[in-house]
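What's counted below: heavy atoms across the whole structure, side chains too, no hydrogens, waters or symmetry copies. Position 1 is the first residue of the sequence; numbering continues from there.
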Amino acid sequence: MLKTQGLTLHYGGSQILYGIDMEARAGEVTCIMGTNGVGKTSLLKAIAGTKIRSGGEITLDGAPVGKVAPQEMAKRGLGYVPQGRMIFPLLTVQENMETAFACLPRSEHFIPDEIYELFPILKEFLHRRGGDLSGGQQQQLAIARAMLMKPKVLLLDEPTEGIQPNIIQQIGRVISYLREKGDMAIILVEQYFDFAHDLGDRFYVLKRGAVAMEGTKQSLTRESLREVVSV
């Protein structure tokens with residue numbers, strides 16, 4: 001569903017990513033792992049278009065993607081839940097979700113029951129301002145907003161960061177549900193090893209902006225993966 005070839009990224013005079021080749025398939029969770037500062041978030045930003053890649057190619061659902069703005073990537077089928085969630089604090093929960101309508105035809109400008117079934121708290125807090133929610137509730141809102149765009153590829157950057165354990169479990173169930181539907185590729189950046197390993201089907205470990213290890217859950221032992229991630 002999504003493929004990068006030779007993707008590079010510079011910030012100013014510094015090179016951050018070095019020739020990243022990766023693929024994410026529909027019906028799978030692809031995990032990007034590694035210690036802090038190795039380029040995981042930068043890779044998601046380069047894919048989402050919030051940082052313009054220096055070189056390399058991105059293919060989305062079989063079509064090459066130029067160096068386009070994030071809004072264009074969203075219209076082409078890419079949903080992005082960034083680190084920090086980036087909800088609108090002064091908008092209500094309903095208004096935050098409705099911002100996703102900008103990428104949808106008018107006939108789809110409604111919030112399906114599926115969203116409330118997966119995130120019951122959002123229905124309860126529909127008219128509460130986003131800034132008044134807890135961190136875990138904001139994370140649920142951010143994921144719901146991305147889901148409303150009906151993405152072909154969903155990028156999740158550290159969805160468990162600062163979240164209480166019961167919400168982490170709920171987010172894990174939602175990711176499993178989306179994978180099992182089979183029509184979406186999920187790319188997960190995650191420091192919480194057990195969460196990532198339990199959900200992941202395919203793994204890419206970054207070191208110093210390059211892929212140091214890659215493989216499927218079947219081809220990589222848990223111990224070898226944990227060892228390279230923790231170094």
Side-chain angles (χ1 to χ4, degrees), residues 1-7 9 16-48 58 78-85 118 135-136 139-140 142-143 146-147 151-231:
M1 187 64 78
L2 184 134
K3 189 173 185 178
T4 73
Q5 293 177 289
L7 191 149
L9 180 68
I16 307 301
L17 299 176
Y18 296 81
I20 303 293
D21 295 338
M22 63 164 284
E23 63 178 47
R25 301 180 181 181
E28 290 187 356
V29 175
T30 300
C31 291
I32 312 297
M33 304 179 76
T35 54
N36 285 329
V38 298
K40 304 185 301 295
T41 291
S42 294
L43 175 56
L44 291 198
K45 288 180 175 180
I47 292 171
I58 296 176
L78 189 135
Y80 181 32
V81 181
Q83 196 171 21
R85 300 175 280 277
L118 293 173
Q139 187 66 275
Q140 293 176 77
I143 295 172
M147 286 176 56
K152 300 171 184 175
V153 178
L154 178 63
L155 309 181
L156 299 171
D157 194 355
E158 301 281 6
T160 70
E161 186 177 41
I163 305 299
Q164 54 268 46
N166 64 315
I167 303 230
I168 289 176
Q169 292 175 359
Q170 182 187 14
I171 289 171
R173 290 193 293 269
V174 170
I175 294 172
S176 294
Y177 166 78
L178 294 175
R179 174 182 56 196
E180 287 164 10
K181 288 180 72 174
D183 57 358
M184 181 189 301
I186 301 166
I187 301 178
L188 172 67
V189 165
E190 183 55 62
Q191 291 275 47
Y192 180 9
F193 181 85
D194 290 339
F195 182 85
H197 190 268
D198 289 348
L199 287 170
D201 299 292
R202 188 176 302 273
F203 299 89
Y204 291 86
V205 179
L206 300 188
K207 279 191 176 181
R208 297 178 182 176
V211 176
M213 176 184 282
E214 63 178 281
T216 63
K217 182 177 284 186
Q218 291 74 27
S219 67
L220 299 173
T221 67
R222 186 185 185 96
E223 293 72 24
S224 66
L225 192 60
R226 186 188 289 274
E227 183 178 355
V228 73
V229 166
S230 62
V231 171

Do Leu156 and Ile187 pass the side-chain contact (heavy atoms from CB on, under 4.5 Å) test, and can you show the C-alpha distance, the side-chain angles, and the key distance before you say yes or no? CA-CA 6 Å; Leu156 299 171; Ile187 301 178; over 6 Å; no
Non-hydrogen atoms of Asp201 and Glu28 that approach each other most closely: OD2-CA, 3.3 Å
Side chains of Leu178 and Met147: closer than 4.5 Å at any heavy-atom pair? yes
Heavy-atom pair with the smallest gap, counting every atom of Leu17 and Gly39: CD2-O, 3.6 Å
Nearest heavy-atom approach of Asp198 to Arg222 is OD1-NH1, 4.0 Å
Gly200 and Lys217: which non-hydrogen atoms are nearest, and at how many Å? O-CE, 2.8 Å
With side-chain contact (heavy atoms from CB on, under 4.5 Å) as the criterion, how do Asp21 and Glu214 come out once you've worked through the C-alpha distance, each side chain's angles and the decisive distance to 0.1 Å? CA-CA 10 Å; Asp21 295 338; Glu214 63 178 281; 5.9 Å; no
Only one of Leu206, Thr30, Val211 passes side-chain contact (heavy atoms from CB on, under 4.5 Å) with Met22, and that residue is Thr30
Heavy atoms, side chains only, cut-off 4.5 Å: are Ile175 and Phe195 in contact? yes
Going by side-chain hydrogen bond (donor to acceptor under 3.5 Å, both in side chains), Thr160 matches just one of Glu190, Gln169, Gln191. Which one? Glu190
How long is the gap from NE2 on His197 to CZ on Phe203, to the nearest 0.5 Å? 5.0 Å
Nearest-0.5 Å distance that lies between atom CG in Leu7 and atom OH in Tyr18: 13.5 Å
I need the Leu225 CG to Met33 CE distance, nearest 0.5 Å. 5.0 Å
Closest non-hydrogen atom pair, Gln83 against Thr41: OE1-OG1, 3.5 Å
Without swapping roles, check the side chain of Arg179 against the backbone of Leu199 for a donor-acceptor pair under 3.5 Å. yes
Does Asp194 form a side-chain contact (heavy atoms from CB on, under 4.5 Å) with Arg226? I'd like the steps, not just the answer. CA-CA 9 Å; Asp194 290 339; Arg226 186 188 289 274; 3.1 Å; yes
Please name the pair of heavy atoms, one in Leu78 and one in Pro151, separated by the smallest distance, quoted to 0.1 Å. C-CB, 4.2 Å
Kindly indicate, with the supporting measurements, whether the criterion side-chain contact (heavy atoms from CB on, under 4.5 Å) is fulfilled by Ile167 and Gln139. CA-CA 9 Å; Ile167 303 230; Gln139 187 66 275; 5.6 Å; no
Would you say that Leu220 contacts Met213 through its side chain, given a criterion of any heavy-atom pair below 4.5 Å between the two side chains? yes
Taking the side chain as every heavy atom from C-beta outward, state whether Arg202 and Glu23 have any pair of such atoms under 4.5 Å apart. yes
In this structure, CD1 of Ile16 is separated from CG of Leu43 (nearest 0.5 Å) by 12.0 Å
From Leu44 atom CG to Leu155 atom CG, the distance as rounded to the nearest 0.5 Å: 5.5 Å
How long is the gap from CD1 on Ile20 to CD1 on Ile32, to the nearest 0.5 Å? 8.5 Å
Non-hydrogen side-chain atoms of Glu158 and Lys40 separated by less than 4.5 Å: yes
